[in-house]
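A short worksheet on the structure shown next.
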Amino acid sequence: MIITLKDGSRKEYQEPKAIIDIASEISEGLARAACAGEVNGEVKDLRTVLDQDCELNILTAKDEKGLAVLRHTASHVLAQAVQTLYPEAKVTIGPSIDTGFYYDFDCPPFSREDLDAIEKEMKKIIKKGAKIQRYTMPREEAIAFFKEKNEPYKVELIEDLPEESEISFYSQGDWVDLCAGPHLMSTKGVKAFKLLSASGAYWRGSEKNPMLTRVYGTAYGTKEELNDHIQRMEEAKKRDHNKLGREMKLFTTVDVIGQGLPLIMPNGVIVMQELQRWIEDEETKRGYVRTKTPLMAKSDLYKISGHWGHYKEGMFVLGDEEKDKEVFALRPMTCPFQYYVYKAEQHSYRDLPIRYGETSTLFRNEDSGEMHGLTRVRQFTISEGHLIVRPDQMVKEFKDCIALAQYCLQTLGVEEDVTYHLSKWDPDNREKYIGEPEVWEETEGHIRQMLTELNIPFTEDVGEAAFYGPKVDINARNVYGKEDTMITIQWDALLAEQFDMYYIDEEGAKKRPYIIHRTSMGCYERTLAWLIEKYAGMFPTWLCPEQVRVIPISEKYHDYAEKVEAQLKDSGIRCSVDHRSEKMGYKIREARLARVPYMLIVGAKEEEENRVSVRSRYLGDEGSKELAEFIGAIKEEIKNKTIRKIEVQEEK
């Protein structure tokens with residue numbers, strides 16, 4: 001067999017060879033650093049024996065996929081340490097994640113002191129350096145094995161597998177776990193790790209199941225990389241929208257109201273209103289007409305669209321189909337409502353495209369374990385739109401939707417923070433989707449070609465499409481590295497048939513339109529969270545809840561300060577006067593902590609000359625300016641939605 005390595009070189013073998021042995025042959029240093037092998041693009045255990053021609057890449061902790069294997073092994077070391085210290089703890093699952101790893105246990109919650117003790121035990125396990133070995137059992141034997149060990153969660157996992165399954169295990173010394181792998185060759189490979197926190201998590205993410213204790217940790221190939229990560233996490237905590245958003249009085253949450261139902265406070269409403277007015281005005285410029293549709297509908301509507309069969313578990317259903325004459329559901333999307341706006345009158349081919357826009361409040365029954373601040377909520381508002389187009393208009397209109405999304409990203413200053421994804425169907429999971437394979441292949445091909453023509457780098461994600469069509473997802477990561485979808489543009493060649501939507505073509509015949517489902521900026525709540533973290537709360541001036549604070553140097557100048565305030569407000573600038581009898585230094589620090597972009601200091605000279613002394617977070621002391629000059633400059637900054645570079649270090 002011929003093994004082609006990453007650098008293009010080839011190795012020829014007369015007999016099967018394990019990946020770890022090939023790595024050793026290349027160099028002992030590579031074998032020591034190896035975490036896994038990538039065989040024809042698929043990550044494989046180092047113990048895997050190769051017996052046919054293939055491409056092989058030896059993965060180390062410097063590779064993202066190799067680091068994931070190291071972290072997976074760290075999660076097993078964590079589980080062994082927990083069961084050593086707490087023998088009654090039951091193990092469940094422990095995967096690697098983008099930022100590290102976690103393991104869920106059925107046991108009482110852990111304190112920080114408990115985590116420190118578990119870390120200490122993990123170090124002992126790593127120091128012993130037990131070899132990690134893989135072996136398999138038939139399904140029934142595996143069930144009996146874990147029943148004897150009194151591990152009910154493992155039994156449940158195995159029972160969910162097909163009867164003919166062969167179950168794989170990994171052992172490290174006397175400790176054994178159910179796992180598909182891959183893993184390192186020994187526990188000694190986990191050289192730099194840290195347990196970060198413990199929290200609650202429902203078994204399999206459902207609040208109907210037991211609450212477990214989840215321990216989060218992270219691991220890297222070197223201590224230097226780990227320390228760098230910890231420092232980044234400390235900075236992330238300072239930018240966390242959950243923390244800053246509450247400090248800045250943008251939003252709050254209340255237990256008696258419920259998870260995923262944030263209260264947007266006056267400051268937060270100002271930011272969201274600015275975003276909404278901007279988006280609605282921009283859409284109008286681009287030919288959109290606006291609709292306003294109900295927040296709920298009968299189940300009949302969702303049955304026509306297919307959401308009832310494909311998405312019912314994610315909806316808030318009002319009523320019982322077996323008992324009630326009519327069952328309603330809060331809407332998880334607006335598309336079927338806008339289809340009936342279209343169907344309310346007949347349309348000619350000349351009428352198309354029709355671009356419907358709506359600022360839509362939606363409801364989705366997310367699992368409680370998934371709730372997080374403003375990024376994962378149960379009620380949210382989006383800049384939703386649906387374009388009804390002729391097939392020959394589809395590509396141009398789709399590109400225009402991408403252009404609108406890019407304009408929004410650029411205006412907000414986040415265009416460099418996103419990644420583009422072609423979300424495709426999964427042909428091996430036909431029940432999830434409607435339509436024939438040919439339609440999916442054609443529509444995915446169109447999107448692939450468009451992204452290529454637009455020179456937009458993208459990845460392809462199988463199984464992430466909507467049930468009725470492929471889409472472009474524009475994603476961003478939060479401060480902790482978790483990726484969320486911010487903007488979506490979907491190609492739909494199928495639902496017009498289900499809703500009997502048509503237009504009259506040049507020859508008087510009925511033809512089915514295509515539909516584009518899209519958001520221009522996405523979810524307002526999630527965007528607010530994104531901007532809080534992006535700017536550490538120091539929004540561009542046009543979005544700031546308070547844009548200017550007037551600070552008189554003493555009570556004698558309160559009247560002039562109020563005169564300045566009145567002129568600012570007449571010019572549409574959000575401002576206030578600090579009347580407090582505090583020292584100037586304290587007032588200035590308070591304004592900085594409130595993240596107000598401009599402070600106007602006024603005293604005798606300013607009053608006499610109708611001027612203001614300007615201090616900004618951008619340049620610091622900007623000197624004395626005529627009030628009219630300052631108002632003109634800030635109005636221009638707000639109108640143009642300028643993003644000014646902060647050159648002065650803010651006081652913490």
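Just so you know, these numbers come straight off a predicted model, no measurement behind them.
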Apply side chain to side chain contact (heavy atoms under 4.5 Å, CB included) to the pair Phe398 and Arg518, showing each step before the final yes or no.
CA-CA 9 Å; Phe398 203 98; Arg518 46 100 282 188; over 6 Å; no

Would Glu25 and Tyr13 count as a side-chain hydrogen bond (donor to acceptor under 3.5 Å, both in side chains) here? Give the steps.
CA-CA 12 Å; Glu25 210 175 82; Tyr13 299 99; 2.6 Å; yes

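Residues Lys534 and Asp417 approach most closely at NZ-OD2, 2.9 Å, considering heavy atoms.
Less than 6.0 angstrom separates the ring centroid of Tyr216 from the ring centroid of Tyr102. Here Phe101 and Phe193 keep their ring centres 6.0 angstrom or further from each other. Aromatic ring centres of Tyr86 and Phe110: separated by under 6.0 Å. Taking the centre of each ring, His517 and Tyr468 come in below the 6.0 Å mark. The ring of His76 has its center closer than 6.0 angstrom to the ring center of Trp175. Aromatic pair His229/Tyr220: ring centres closer than 6.0 Å. Taking the six-membered ring for Trp and the full ring otherwise, the centers of Phe169 and Phe146 sit less than 6.0 Å from each other. A distance below 6.0 Å separates the ring centres of His307 and Phe467.
Of the N and O atoms on the side chains of Ser423 and Asp461, not one donor lies less than 3.5 Å from an acceptor on the other residue. Inspection of the Asp98 and Tyr480 side chains reveals no N or O donor paired with an N or O acceptor under 3.5 Å. Side-chain contact check for Tyr153 and Asp106: at least one donor-acceptor pair (N or O, by modelled atom type) lies under 3.5 Å. Side chains of Tyr103 and Asp177: a donor on one and an acceptor on the other come within 3.5 Å. A donor-acceptor contact closer than 3.5 angstrom links the side chains of Glu156 and Trp203. Remark: the Thr485 side chain and the Asn475 side chain contain an N/O donor-acceptor pair separated by less than 3.5 Å. Side chain to side chain, Glu235 and Gln231 fail the donor-acceptor criterion of an N or O pair below 3.5 Å. Under 3.5 Å, the side chains of Thr222 and Glu225 contain a donor-acceptor pair of N or O atoms.
Classification of Lys424 and Glu460 as a salt-bridged pair holds, one side-chain N sitting under 4.0 Å from a carboxylate O. Between Asp240 and Lys238 there is no salt bridge, since no side-chain N of the basic residue sits under 4.0 Å from a carboxylate O of the acidic one. A salt bridge is absent between Glu38 and Lys44; no separation between the charged side-chain nitrogens and carboxylate oxygens falls under 4.0 Å. Checked for salt-bridge contact, Arg139 and Glu163 miss the test: no charged N lies under 4.0 Å from a carboxylate O. Classification of Lys471 and Glu464 as a salt-bridged pair fails, no side-chain N sitting under 4.0 Å from a carboxylate O. A salt bridge is defined here as a Lys NZ or Arg NE, NH1 or NH2 lying under 4.0 Å from an Asp or Glu carboxylate O, and Lys120 with Asp116 fails to meet this definition. Between Asp484 and Lys482, at least one side-chain N (NZ, or NE/NH1/NH2) sits under 4.0 Å from a carboxylate O, which counts as a salt bridge. Salt bridge Glu234/Lys237: present, at least one basic N to carboxylate O contact under 4.0 Å.
When atom types are taken as modelled, the side chain of Asp63 and the backbone of Lys65 share no donor-acceptor pair closer than 3.5 angstrom.
Rounded to the nearest 0.5 angstrom, Leu195 CG and Arg112 CZ are separated by 6.5 Å.
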